[in-house]
Amino acid sequence: MTDMEKDMAAEGAPTRSGFVALIGATNAGKSTLVNRLVGAKVSIVSHKVQTTRAIVRGIAIHDNAQIVFMDTPGIFKPRRRLDRAMVTTAWGGAKDADVIMFLIDSERGLKGDAEAILEGLKEVHQPKILVLNKIDQVRPEDLLKLAAAANETIKFDRTFMISALNGSGCEDMMDYLAAALPEGPWYYPEDQISDLPMRQLAAEITREKLFLRLHQELPYSSHVETEKWEERKDGSVRIEQVIYVERESQKKIALGKGGDAIKAISTASRKEISEILEQPVHLFLFVKVRENWGDDPERFREMGLEFPR
């Protein structure tokens, strides 16, 4: 039991802990919301769809509860082996959670993937809450209609209307979750915000910068791995990462004219990794062509995904 848990036990408040799975269509705002609720960057954010590939756990303390948010990959109609692995991972995360949070982009409403997810949630029996995101972009009467339509299909325990971007409505939702989780000791130390190893988080940060820089030119088929991590005597860290692409033409895009793209990606990633580590970082990026890496079981293991046969 941590010192904080002992203090709360002494005050007569039982500790609570549990897992909350965020389920939603791609680009519904799950990663942005997890980062908001945890209060730190634990999941990468990009305008490119299907950015989150494996389950990322962000850990928040609220009142007497430790809430472990599971940022799952967006659920969509899978077309490739990687797609199937991501969708399977998302539904698996839902079935392992204490509470399921179904996040809807209020601007898009119940269209396409969101409607299919709603139907799929009928087969999931854990407590479920409905969360309408981006409420500042939609008229109040349309929000009420959307909430009513979703609750006609599934009776959610609660409905929350929030903005993951500015935090509106998030405090009430955290109050509810803290009270809804089962009593029990915390799963993680009180100062831990993620279960993602730092090497993997660093690779995810570089992947985010890659998408932000080249989301229109570079196809979805790219992957980043941290190959070397050296703590140096001067207090700095030397990191070597490889960006894998599937074709030589994609390598040229990632490098950019005169290496300008890879330099910009490296600079942005190094800055953010250094801020998180609170120490100087020397980051070296390499781009390699690996055809059909999306069919390589080893790459799936690196991403924390099951390789679908």
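Computation of the quantities below employed the complete heavy-atom set of this structure, encompassing side-chain atoms and omitting hydrogens, waters and symmetry-equivalent molecules. Only a predicted model underlies this, so the values are computations on that prediction, with no experimental measurement involved.
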Are any non-hydrogen side-chain atoms of I243 and F286 less than 4.5 angstrom apart?
-> no

Value rounded to 0.5 Å, distance of OG in S31 from CD in E204 = 9.0 Å

Counting only N and O atoms by type, is there a donor-acceptor contact under 3.5 Å from the side chain of D260 to the main-chain atoms of K257?
-> yes

Residue pair I104 / G109: nearest heavy atoms and the distance that separates them | CG2-O, 3.9 Å

Salt bridge (charged side-chain N to carboxylate O under 4.0 Å, His left out) pairs, two or more places apart, involving residues 228-238 | R238-E240

Working for side-chain contact (heavy atoms from CB on, under 4.5 Å), residues V20 and M70 = CA-CA 6 Å; V20 177; M70 303 161 68; over 6 Å; no

Taking Q250 for the side chain and E246 for the main chain, is one N or O donor matched with an acceptor at less than 3.5 Å?
-> yes

Any donor and acceptor pair, going by atom type alone, linking the side chain of R199 with main-chain N or O of T226 inside 3.5 Å?
-> yes

Heavy-atom side-chain contact between I129 and I100 under 4.5 Å | no

With the side chain counted from C-beta on, respond yes when M173 and R158 share a heavy-atom pair under 4.5 Å apart, and no when they do not.
-> no

Over all heavy atoms of both residues, which pair between L144 and M161 is shortest? Give the atoms and the distance, please.
-> CD2-CE, 4.0 Å

Looking only at atom types and distance, does a side-chain atom of N64 sit under 3.5 Å from a main-chain N or O of P14, one as donor and one as acceptor?
-> yes

Which atoms form the tightest heavy-atom contact between K122 and H125, and what is the distance?
-> O-CE1, 4.2 Å

Side chains of I162 and S168 in contact at under 4.5 Å (non-hydrogen atoms) = no

Taking it one step at a time, do I67 and M174 satisfy side-chain contact (heavy atoms from CB on, under 4.5 Å)?
-> CA-CA 9 Å; I67 309 169; M174 290 291 279; 4.0 Å; yes

Is the backbone N or O of L181 less than 3.5 Å from a side-chain atom of R16, with the two atoms forming a donor-acceptor pair by type?
-> yes

Between the side chains of T206 and S269, is a donor N or O closer than 3.5 angstrom to an acceptor N or O?
-> yes

Could you check if a side-chain atom of F69 sits within less than 4.5 angstrom of a side-chain atom of L22, using non-hydrogen atoms only?
-> yes

Looking at residues at least two apart in the chain, or sitting in another chain, which of them share a ring pair (Phe, Tyr, Trp, His ring centres under 6.0 Å) with F284?
-> none

Looking at side-chain heavy atoms only, is the closest gap between I154 and K128 below 4.5 Å?
-> yes

Derivation of the side-chain contact (heavy atoms from CB on, under 4.5 Å) call for Q279 and S236 = CA-CA 6 Å; Q279 61 189 122; S236 66; 5.9 Å; no

Does Q66 reach the main-chain N or O of Y188 with its side chain, forming a donor-acceptor pair under 3.5 Å?
-> yes

Going from CZ on R108 to CD on E115, what distance comes out if it is rounded to the nearest 0.5 angstrom?
-> 13.5 Å

Where do S106 and I135 come nearest, in terms of heavy atoms and distance?
-> OG-CG2, 4.2 Å

So CD1 of I262 and CG of L255: to nearest 0.5 Å the spacing works out to 6.0 Å

Is there a donor-acceptor pair closer than 3.5 Å between any side-chain N or O of T32 and the backbone N or O of A164?
-> no

Is it true that E107 and K134 have a side-chain N and a carboxylate O under 4.0 angstrom from each other?
-> no

Check the surroundings of atom CG in L165: do more than 12 heavy atoms from other residues, nucleotides or ligands lie under 6.0 Å from it?
-> no

Taking every heavy atom of S17 against every heavy atom of Y187, the minimum-distance pair comes out as OG-CE1, 3.5 Å

Distance, nearest 0.5 Å, that separates CD1 of I205 from CD of E275 | 9.5 Å

Side-chain heavy atoms of W186 within contact of T15, under 4.5 Å = yes

Correct closest heavy-atom pair for I61 and E190 would be CG1-O, 4.0 Å

In Å, rounded to the nearest 0.5 Å, how long is the span from OG1 of T267 to CD of E272?
-> 13.0 Å

Rounded distance [0.5 Å steps], CD1 in I239 versus CG in L277 = 6.0 Å

So do N133 and L33 actually touch side chain to side chain, heavy atoms under 4.5 Å?
-> no

With distance as the sole test, does R290 use its side chain to make a donor-acceptor pair with the main-chain N or O of Y244 at under 3.5 Å?
-> no

Between I59 and V38, does a side-chain contact (heavy atoms from CB on, under 4.5 Å) hold up when you go through it step by step?
-> CA-CA 6 Å; I59 305 159; V38 172; 5.8 Å; no

Contacts satisfying side-chain hydrogen bond (donor to acceptor under 3.5 Å, both in side chains) that involve residues 144-157 (not counting sequence neighbours) are N151-T159

